[in-house]
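In the text below, chain A, chain B and the rest are named by the order of the sequence lines, each starting its count at 1. Bear in mind that the values here come from a model prediction, so they are computed numbers and not experimental data. Atom set for the values below is all heavy atoms of this structure, side chains included, hydrogens, waters and symmetry mates excluded.
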Amino acid sequence: MPELPEAEYMVRRLAQYAGDAVIIRTRILRRGYPAPRRAAGRVASYGRRAKNVLLHLDTGHTLRVQLGMTGHIYWIENAKHPPQFTRVLFELAGGSAIAFEDSRVFGSIEIHPTTRLDEVFADYGPEPLDPAFHWQHLRGRAARLSLPIKQFLLDQSRLAGLGNIWAAESLFGAKIHPEQSVSGLSDDDWRRLHSAIRRALTRAIANTFKVTEHPEDFPGADLVWLNVYGREEKPCRRCRAPIVRTVQAGRATYFCPRCQPL
DNA sequence: TCGATCCTGTAG
DNA sequence: CTACAGGATCGA
C-alpha cells in the first residue's frame, strides 16, 4: 500500500505515539529478513525521505525503513503481542514496541552510521515537496534521455518519492501521456508536471490523514480520491472518455486517452 | 534498458 | 484456481 503519503502518515503517527522511544532490543521475527539484528538507542527524531521512513537514533545512526509494497510501521502498546505479519520488532523501554509489518517481504531496514540524508540517500533525486525543488531539476535530469516519462518519474535516482499511483495521477494532472518520451517535453510540459506532482502529493497527504483518522466520514472509501489509477473503463472525471489501462515496464499504467494525448 | 524475480495476500 | 498487487534490484 504505501507510497509517499502513507509514509508521511506513518512518520507523524510514530512521532505522536512513540515520541520518546528507547529501543532496548531488536527482534527479527522472520529468519533472514534484511534488517539490522542489534539496533538500539533512543529515537531522537523521526523523518521521511521519498517513500522511506527514518528513525534517527541518538547514537548518530539512522534506521532506513524501506516499506516495499506492503510495509507498515507503527507503535504498539504491548511488545508481547505483535501483529501477524510483523517482521521486525523494536522493543521499547516500558513494554511497548515499534512493529514493522511486511506481509509480502519486499521491504527492508538498513542502519547507517550517520544522520545525514545526503549520505544515506546519495543516489536519490530531489524530494518533490522540498521548497527548493523546481521544474528545471526535472528537465535537467531528463537531459539526453529518451525513456517514457512514466518510467522517468518512477526512477528514484531522478526524482525520489513517486510510486505507481502518483506517477499516473501526476501525469493526468499535467495532461501528459505516460508513454511520452522525456526528450519531447517542452518547458511548459515540465512546468505543468512539476506543479501537478506537488499538487497531487500535497492533496494525497491531506486525504490520507482525513480518511485514516475519520473513516466514518468516508464510507466505502478507504483510499483517497483518484482520477485515473484503478479506474480502467470508467469515465474520465474531466471529459467522460473511458480511462485506459496499459502495461509499461511491467507495471500497470492508467491514463485518459483524450486528456492525455500522445 | 528490459524482463524476471523476490514472497504473500486478496479479489475475481 | 488465476490474475494481480501501490517496490526495487539484478543479470543479461
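One N or O on the side chain of Arg87(A) and one on the backbone of Asp102(A) form a donor-acceptor pair closer than 3.5 Å.
Distances from the side chain of Tyr229(A) to the nucleotides dG7(C), dA8(C), dA5(C) place dA5(C) closest. Residue Glu6(A) has its side chain nearest to dG6(C) when only dG9(B), dA5(C), dG6(C) are considered. Side-chain atoms of Arg158(A) lie closest to dT1(B) of the nucleotides dT8(B), dG6(C), dT1(B).
Contact annotation: Lys51(A) reaches the phosphate of dG7(C) (side-chain N/O to OP1 or OP2, under 4.0 Å). Put simply, Arg30(A) has no side-chain N or O that comes within less than 4.0 Å of OP1 or OP2 on dC7(B).
Distance, Leu67(A) CG to dG7(C) P: 10 Å, rounded to whole Å. Spacing between atom CD of Glu110(A) and atom P of dA8(C) amounts to 12 Å, rounded to whole angstrom units. Atom CD in Glu3(A) sits roughly 9 Å away from atom C1' in dG7(C) (whole-Å rounding). Remark: C1' of dT1(B) and CZ of Arg251(A) are 16 Å apart, rounded to the nearest angstrom. Put simply, CG on Leu226(A) is 14 Å from P on dA5(C), counting in whole angstrom units. Computed from coordinates, the Gln151(A) CD to dT1(B) C1' distance equals 9 Å when rounded to whole Å. Taking atom CE of Met10(A) as the reference point, atom C1' of dG6(C) lies 11 Å away to the nearest angstrom. Atom CD in Gln248(A) sits roughly 14 Å away from atom P in dG7(C) (whole-Å rounding).
Both the sub-6.0 Å distance and the 45° axial angle are not jointly satisfied by Arg192(A) relative to the ring of Trp135(A). Remark: Arg30(A) is not positioned above the aromatic ring of Phe85(A), lacking an NZ or CZ atom under 6.0 angstrom from the ring centre and at most 45 degrees off the axis.
No hydrogens or angles considered: nothing links the side chains of Tyr254(A) and Glu169(A) as a donor-acceptor pair under 3.5 Å.
At a threshold of 4.0 angstrom between heavy atoms, the contacts of Gly163(A) are confined to the sugar-phosphate backbone, with no base atom among them. At the heavy-atom level, Ala249(A) lies nowhere under 4.0 Å from the strands shown.
The side-chain ring of Phe106(A) is stacked on the base of dG7(C), judged by centre separation under 5.5 angstrom and plane angle under 30 degrees.
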Could you go step by step and tell me if Glu127(A) and Arg48(A) meet the salt bridge (charged side-chain N to carboxylate O under 4.0 Å, His left out) rule? CA-CA 10 Å; Glu127(A) 181 74 24; Arg48(A) 177 187 63 74; 2.6 Å; yes
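For the P atoms, the distance linking dT9(C) with dG9(B) amounts to 24 Å, nearest Å. Taking atom P in both dG6(C) and dT1(B), one finds a spacing of 22 Å when rounded to whole Å.
Within the shown strands, nothing qualifies as a pairing partner of dC7(B) under the Watson-Crick or G-U definition with both distances less than 3.5 Å. Pair assignment for dG6(C): none, as no Watson-Crick or G-U wobble contacts are both less than 3.5 Å.
In the displayed structure, Glu77(A) atom CD is contacted under 6.0 Å by at most 12 heavy atoms of other residues, nucleotides or ligands.
Applying the 3.5 Å distance criterion, the base of dG7(C) shares no donor-acceptor pair with the side chain of Gln156(A).
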